[in-house]
Amino acid sequence: MHLDVQDLRNFYYRSTLGRAAQASVRTAMLELWPEAKGQTVAGFGFAVPLLRPYLDDARRVVALMPGPQGVMPWPAGLPNVSVLCEEVLWPLETGHVDKLIVMHGLEATDQPTLLLEECFRVLGPGGKALFVVPNRAGLWSRSDRTPFGYGRPYTVGQLEAQLRQHLFLPERVRAALYQPPSSKRFWLRAGPLIETVGTRLPTVLAGGVFIIEVSKRVQPPRGSSVKDLARRPIGALDGLTKPVFPVSGRN
């Protein structure tokens, strides 16, 4: 179930807790992808809070927002890059995206298989994707006061297995949102310290969300063309190794 775009905008841009969540997830993302100079960056779902760091240097940035969610113009004060699209049919050419960020997309869809196939389609050779999903064991997935309390939460193992089935290769995992999903002043003030301590934990279980980086796995061509060539060596030099002498005719 996709939340309405107005609810997402109000949370991330008009609430103190939402701005804290945005900062936590963005910091974890930038540890994985500090820049995207000259690359095409796409976001799906409601990924705009994470796209802003790439606006200056990326060759192209596009924010895809699914129809059931709705769309809003973004970024404010700059040329719009938001696009309303079908959930599993994006207006992007095949193989043209270098970096893809999916937030409030995978856990909200009723068609995860088709969505992951579309993610695979738009990524180019060597392309990478980040999936930001609520942690099933975290506090944020248990609270409906934030967008991460809706949809289908995951464990790391569940998501990695699903991604591998769609030919993605999981590479790195980060966690974020260690602070409680509370708007109380005490927790908001303590939030930065809790986030700092949380990043030093040896496990992602305590984080409200985890971020998994994957690369597009390109299957090698099937068949035995190399073996066939070995069985049928090139005969260009046969004339050198097996000289043929002319036969003298009778006078």
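Along the sequence shown, the residues carry numbers beginning at 1.
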Participant: For residues Ala175 and Gly207, report the shortest heavy-atom separation together with the two atoms involved.
Facilitator: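 Looking at all heavy atoms of both residues, the closest pair is CB-CA, 4.4 Å.
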
Participant: Is there side-chain contact between Val97 and Leu92, with heavy atoms separated by less than 4.5 Å?
Facilitator: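 Yes, at least one pair of side-chain atoms sits under 4.5 Å.
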
Participant: Hey, could you give me each pair passing salt bridge (Lys or Arg N to Asp or Glu O under 4.0 Å) that has a residue in residues 118-130? Not counting sequence neighbours.
Facilitator: Glu118-Arg121, Lys128-Glu171

Participant: Side chains of Ser24 and Gln179: donor-acceptor distance under 3.5 Å anywhere?
Facilitator: no

Participant: Can you see which heavy atom on Leu89 is nearest to which on Cys85, and at what distance?
Facilitator: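 Residues Leu89 and Cys85, closest heavy atoms: O-CB, 4.3 Å.
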
Participant: Quick one: are Leu177 and Leu139 in side-chain contact, heavy atoms under 4.5 Å?
Facilitator: no

Participant: If you group Ile, Leu, Val, Met, Phe, Trp and Tyr by side-chain heavy-atom gaps below 4.5 Å, do Val156 and Leu169 land in one group?
Facilitator: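 Different clusters: Val156 never reaches Leu169 through Ile, Leu, Val, Met, Phe, Trp or Tyr contacts under 4.5 Å.
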
Participant: Is the closest side-chain heavy-atom distance between His96 and Arg60 below 4.5 Å?
Facilitator: no

Participant: Out of curiosity, Leu8 CG to His2 NE2, how far, rounded to the nearest 0.5 Å?
Facilitator: 10.0 Å

Participant: State whether Arg172 and Glu213 are salt-bridged, where the test is any N-O pair (Lys NZ or Arg NE/NH1/NH2 against Asp/Glu carboxylate O) under 4.0 Å.
Facilitator: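 Counted as a salt bridge, because a side-chain N and a carboxylate O are separated by less than 4.0 Å.
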
Participant: Can you list everything that forms a side chain to side chain donor-acceptor pair (under 3.5 Å) with Gln22? Sequence neighbours excluded, please.
Facilitator: Arg26

Participant: Can you list everything that forms a side chain to side chain donor-acceptor pair (under 3.5 Å) with Arg142? Sequence neighbours excluded, please.
Facilitator: none

Participant: Working to the nearest 0.5 angstrom, can you tell me the gap between Asn135 CG and Leu159 CG?
Facilitator: 11.0 Å

Participant: Hey, what do you get for CG (Asp98) to CD (Gln39), rounding to the nearest 0.5 Å?
Facilitator: 4.5 Å

Participant: Ignoring hydrogens, what is the shortest heavy-atom contact between Leu106 and Pro112? Give both atom names and the distance.
Facilitator: CD1-CB, 4.1 Å

Participant: When you look at Leu130 and Ile212, which way does the side chain to side chain contact (heavy atoms under 4.5 Å, CB included) test go after all the steps?
Facilitator: CA-CA 6 Å; Leu130 285 183; Ile212 183 167; over 6 Å; no

Participant: Hey, are the side chains of Leu32 and Ile211 touching, using non-hydrogen atoms and a 4.5 Å cut-off?
Facilitator: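 In short, these two side chains touch, coming nearer than 4.5 Å.
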
Participant: If we ignore angles and hydrogens, is there a donor and acceptor under 3.5 Å between the side chains of Arg59 and Thr40?
Facilitator: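 Judged by distance alone, the side chains do pair up.
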
Participant: Mind checking what makes side chain to side chain donor-acceptor pair (under 3.5 Å) contact with His166, not counting sequence neighbours?
Facilitator: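 His166 satisfies side chain to side chain donor-acceptor pair (under 3.5 Å) with no other residue.
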
Participant: Kindly give the heavy-atom pair with the smallest separation between Gly45 and Gln69, and that separation in Å.
Facilitator: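 Looking at all heavy atoms of both residues, the shortest contact is O-NE2, 3.1 Å.
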
Participant: Minimum heavy-atom separation for Leu51 to Ile101, with atom names?
Facilitator: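 Taking Leu51 first and Ile101 second, the nearest heavy atoms are CD2-CD1, 3.9 Å.
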
Participant: Let me see the working for Phe210 and Thr155 under side chain to side chain contact (heavy atoms under 4.5 Å, CB included), right down to the final yes or no.
Facilitator: CA-CA 9 Å; Phe210 59 83; Thr155 65; 5.6 Å; no

Participant: Between Met72 and Val48, does a side chain to side chain contact (heavy atoms under 4.5 Å, CB included) hold up when you go through it step by step?
Facilitator: CA-CA 10 Å; Met72 73 176 196; Val48 289; 4.1 Å; yes

Participant: Determine whether Pro134 and Trp140 make a side-chain contact, defined as any pair of heavy atoms from C-beta on separated by less than 4.5 Å.
Facilitator: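 Pro134 vs Trp140: side chains apart.
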
Participant: Is a donor on one side and an acceptor on the other found under 3.5 Å between the side chain of Lys216 and the backbone of Leu123?
Facilitator: yes

Participant: Between Cys119 and Leu100, does the side chain to side chain contact (heavy atoms under 4.5 Å, CB included) criterion hold? Intermediate values first, please.
Facilitator: CA-CA 8 Å; Cys119 294; Leu100 172 66; 3.7 Å; yes

Participant: Does any pair with a residue in residues 33-79 pass ring pair (Phe, Tyr, Trp, His ring centres under 6.0 Å), and if so which ones, sequence neighbours excluded?
Facilitator: Tyr12-Phe46, Phe44-Trp90

Participant: Which heavy-atom pair separates Pro79 from Pro75 by the least distance, and what is that distance?
Facilitator: O-CD, 3.5 Å

Participant: Can you sort out the partners of Phe168 under ring pair (Phe, Tyr, Trp, His ring centres under 6.0 Å), two or more places apart, ordered by chain and number?
Facilitator: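 Per chain and number, Phe168 pairs via ring pair (Phe, Tyr, Trp, His ring centres under 6.0 Å) with Phe120.
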
Participant: Answer yes or no: are there more than 12 heavy-atom neighbours, outside Arg164 itself, under 6.0 Å from its atom CZ?
Facilitator: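 Above 12, so yes.
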
Participant: Would you confirm whether Thr27, through its side chain, and Ala23, through its main-chain N or O, come within 3.5 Å as a donor-acceptor pair?
Facilitator: yes

Participant: Find out whether Val132 and Val102 are in side-chain contact, i.e. whether some heavy atom of one side chain is under 4.5 Å from a heavy atom of the other.
Facilitator: no

Participant: Any side-chain heavy atom of Leu30 within less than 4.5 Å of one from Pro53?
Facilitator: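 They are in contact (side-chain heavy atoms under 4.5 Å apart), so the answer is yes.
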
Participant: Rounded to the nearest 0.5 Å, how far does CG of Asp7 lie from CZ of Arg9?
Facilitator: 10.0 Å

Participant: Step by step, would you call His104 with Phe148 a ring pair (Phe, Tyr, Trp, His ring centres under 6.0 Å)?
Facilitator: CA-CA 8 Å; His104 301 307; Phe148 293 104; 4.6 Å; yes

Participant: Return yes if some donor-acceptor pair links the side-chain N/O of Asn10 with the main-chain N/O of Gln6 below 3.5 Å, else return no.
Facilitator: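 Judged by distance alone, yes, a pair lies under 3.5 Å.
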
Participant: Quick check on Glu93: does its CD atom have over 12 non-hydrogen neighbours (other residues, nucleotides or ligands) under 6.0 Å away?
Facilitator: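 At most 12 heavy atoms, drawn from other residues, nucleotides or ligands, come within 6.0 Å of this atom.
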
Participant: Are more than 12 heavy atoms, taken from residues, nucleotides or ligands other than Glu35, located less than 6.0 Å from that residue's CD atom?
Facilitator: yes

Participant: Is there a side-chain contact between Val62 and Val83 in this structure, where contact means two heavy atoms from C-beta onward sitting under 4.5 Å apart?
Facilitator: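 A side-chain contact exists here, since the closest heavy-atom pair is under 4.5 Å.
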
